[in-house]
Amino acid sequence: ARGERPHRTRDGAGDHDEAFRLALECRRLIDDTDHGRISTLNWLLGSILYRQGWPTRAVLFGRESVKESQKGPNAAVVVTTASTLSQLYESVSEQKLSEEYLAIAEDAFQKIPPSFDRTRTDLLLGIVKATSELHRKKYAEAESLLENNLDLFSRQPFPALQRADQSKAA
């Protein structure tokens, strides 16, 4: 039928071109002072570009995402954007830049008060740091970071996980 859009399946990859177009459209609608949303959309745009095989372009959006997140009040967003950019730089063998953004993430982490957000962000940061250590073939350091994550996770009050463990034991 005329005017009908082609059916697109979501087979895991999704429709990256359409997602990119929609994210750009949303970016144009956001107030320039809404740093959190701008940061999130830049992060999304970078992620889409990376999945499409454009890591150099993804880095541009990643840097803008970090810059915008630093203007906002939420340190957890800074940790997320900076650690994601660190991983992106790691994936394109830019070790020095990866370490620079990991340091930004760690600095921002120190500003998060004790809360669920801090714990969740600590788990994320532990995984990113462990991955970085694995790339450097520092297996003992990576193992230590992941063991710390397991310990941190095991101390969380997640009733759903406790119930799942109890049901397996029965």
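Since the structure is predicted, the reported quantities are computational estimates derived from the model, not experimental observations.
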Taking a hydrophobic cluster as the set of Ile, Leu, Val, Met, Phe, Trp and Tyr residues connected by side-chain heavy atoms closer than 4.5 Å, whether directly or through intermediates, do Val59 and Ile104 fall within one such cluster? yes
Hphob cluster co-occupancy, Val66 + Val79, side-chain heavy atoms under 4.5 angstrom: no
Give the minimum heavy-atom separation between [X] and [Y], together with the two atoms involved.
| X | Y | value |
| --- | --- | --- |
| Leu145 | Ala130 | CD1-N, 3.6 Å |
| Asp117 | Ala76 | OD2-CB, 3.9 Å |
| Arg118 | Pro113 | CB-O, 3.4 Å |
| Pro55 | Val92 | CB-CG1, 3.6 Å |
| Ala108 | Ala75 | O-CB, 3.4 Å |
| Asn149 | Leu123 | ND2-O, 2.9 Å |

Return each pair, listed once, that meets side chain to side chain donor-acceptor pair (under 3.5 Å) where at least one residue sits in residues 30-40; pairs must be two or more places apart or across chains. Asp31-Thr33, Asp34-Arg37, His35-Glu68, Ser39-Ser65
What side chain to side chain donor-acceptor pair (under 3.5 Å) pairs are there with at least one residue in residues 101-116, not counting sequence neighbours? Glu106-Lys129
Counting C-beta onward and ignoring hydrogens, is there a side-chain heavy-atom pair between Ser83 and Leu124 closer than 4.5 Å? yes
From OG1 (Thr119) to CD1 (Ile112), nearest 0.5 Å: 9.5 Å
Euclidean distance, Leu97 CG relative to Gln95 CD, rounded to 0.5 Å: 9.5 Å
Go through the structure and list residues passing side chain to side chain donor-acceptor pair (under 3.5 Å) with Asp17, not counting sequence neighbours. Gln52
Backbone of [Y] reached by a side-chain donor or acceptor of [X] within 3.5 Å:
| X | Y | value |
| --- | --- | --- |
| Ser98 | Glu94 | no |
| Thr81 | Val77 | yes |
| Thr131 | Ile127 | yes |
| Arg57 | Tyr50 | no |

Within residues 131-144 or reaching into it, pairs that qualify as salt bridge (charged side-chain N to carboxylate O under 4.0 Å, His left out) - sequence neighbours excluded: Glu99-Arg136
Apart from Ile30 itself, its cluster of hydrophobic side chains linked below 4.5 Å comprises Phe20, Leu24, Ile38, Leu41, Trp43, Leu44, Leu45, Ile48, Leu49, Trp54, Phe61
Members sharing Tyr139's hydrophobic cluster (side chains within less than 4.5 Å): Leu134
